[in-house]
Amino acid sequence: MKNRGKFIVFEGTDGSGKSTQMKMLASYLNERGARCYLTHEPTDSPVGSLLRSCLTGRIDADEHTIAALFAADRLDHIHNPVNGILKKLNEGVNVLCDRYYLSSFAYNGGFVPLEWVIELNRPAREALKPDLTVFLYLDAEDSMERVMGRGETERYETVERQKKIRKNYLDLIARFPEENVATVVSEADKRDTQEKIRKAVNGLFGWRE
Ligand code: TYD
């Protein structure tokens with residue numbers, strides 16, 4: 001049987017550079033012969049597409065519904081027999097994922113009771129915990145600047161809101177030390193940020209620098 005792949009999650013406020021850093025990490029892992037599969041939440045599945053419509057306001061849904069849809073999308077993401085995360089990991093592929101259940105806790109847990117969101121995500125958490133979560137820490141102002149630069153704003157995108165979400169993340173990281181979160185300050189030069197992420201990942205794979 002092949003060695004199981006590693007599951008590495010990227011978390012952060014909107015515009016913190018997750019997807020760029022994830023791609024940079026994938027090329028590093030590929031160079032070292034570690035195969036990778038890149039994925040994200042909300043997913044591109046029917047449930048994920050429904051969620052995107054809720055986030056842009058095309059569909060009007062209440063916050064409980066949204067939180068429950070995120071949990072459902074995540075369970076399908078984990079268990080899908082065609083392209084689910086567990087399937088990939090069992091094939092020996094490393095999975096890099098843009099957002100996972102900490103996003104639900106930090107975002108949705110600010111609108112509906114956090115303990116309920118944690119409970120909703122218990123099946124996902126029991127089925128699959130990340131081997132490493134990289135939390136990209138970015139000033140709320142910088143975060144909004146980057147988001148505005150993309151010319152699109154979604155449901156959760158205001159400076160006050162980003163500040164609140166960032167605080168939620170920090171509280172959650174302190175509350176769940178078993179989650180193995182590496183907090184990495186998102187630097188102006190993305191190569192500096194990547195350098196720090198690679199250090200954490202080298203540790204995970206048992207690689208020397
Ligand atoms: P995404 O498209 O990944 O935005 P970004 O590129 O800014 O990271 O995520 C869309 C939004 O969904 C983002 O504002 C965070 C929110 N979200 C939740 O509220 N709960 C969740 O469980 C997840 C995965 C995302």
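For the single chain, residues carry numbers from 1 onward in sequence order. Each ligand, and each atom within it, is numbered from 1 in the order the structure gives.
- A donor-acceptor contact shorter than 3.5 Å is absent between the side chain of E11 and the backbone of L136.
- Between Y100 and ligand 1, no pair of N/O atoms sits closer than 3.5 Å.
- The side-chain heavy atoms of K87 and Y37, taken from C-beta on, include no pair separated by under 4.5 Å.
- Residue contact check: E41 has heavy atoms under 4.0 Å from atoms 3 (O), 24 (C) of ligand 1.
- No side-chain heavy atom of D98 sits less than 4.5 Å from a side-chain heavy atom of V9.
- Counting heavy atoms only, F70 comes closest to atom 18 (C) of ligand 1 of the residues F105, F111, F70.
- The ring of Y100 has its center closer than 6.0 angstrom to the ring center of F7.
- Numbered from 1 in the order shown, with element, the atoms of ligand 1 that lie under 4.0 Å from a heavy atom of L55 read 10 (C), 11 (C), 12 (O).
- Seen from the ring of F176, R125 counts as a face-on cation partner, given the 6.0 Å and 45° thresholds.
- Under 4.0 Å is where a charged nitrogen must lie from a carboxylate oxygen, and between K167 and D171 at least one such pair does.
- Contacts between R99 and ligand 1 below 4.0 angstrom, taking non-hydrogen atoms only, involve the side chain exclusively.
- Ligand 1 has an N or O atom lying under 3.5 Å from an N or O atom of S104, backbone or side chain.
- Close contacts between ligand 1 and R74 involve ligand atoms 21 (C), 22 (O), 24 (C) [criterion: under 4.0 Å to a heavy atom].
- The shortest N/O to N/O separation between Y107 and ligand 1 does not fall below 3.5 Å.
- In this structure, K18 is not positioned above the aromatic face of F10 in the sense of NZ or CZ being under 6.0 Å from the six-membered ring centre and within 45° of the axis.
- When heavy-atom distances to ligand 1 are checked against a 4.0 Å cut-off, K18 comes that close only through its side chain, counted from C-beta outward.
- The proximity of R52 to ligand 1, defined as any non-hydrogen pair under 4.0 Å, is limited to the side chain.
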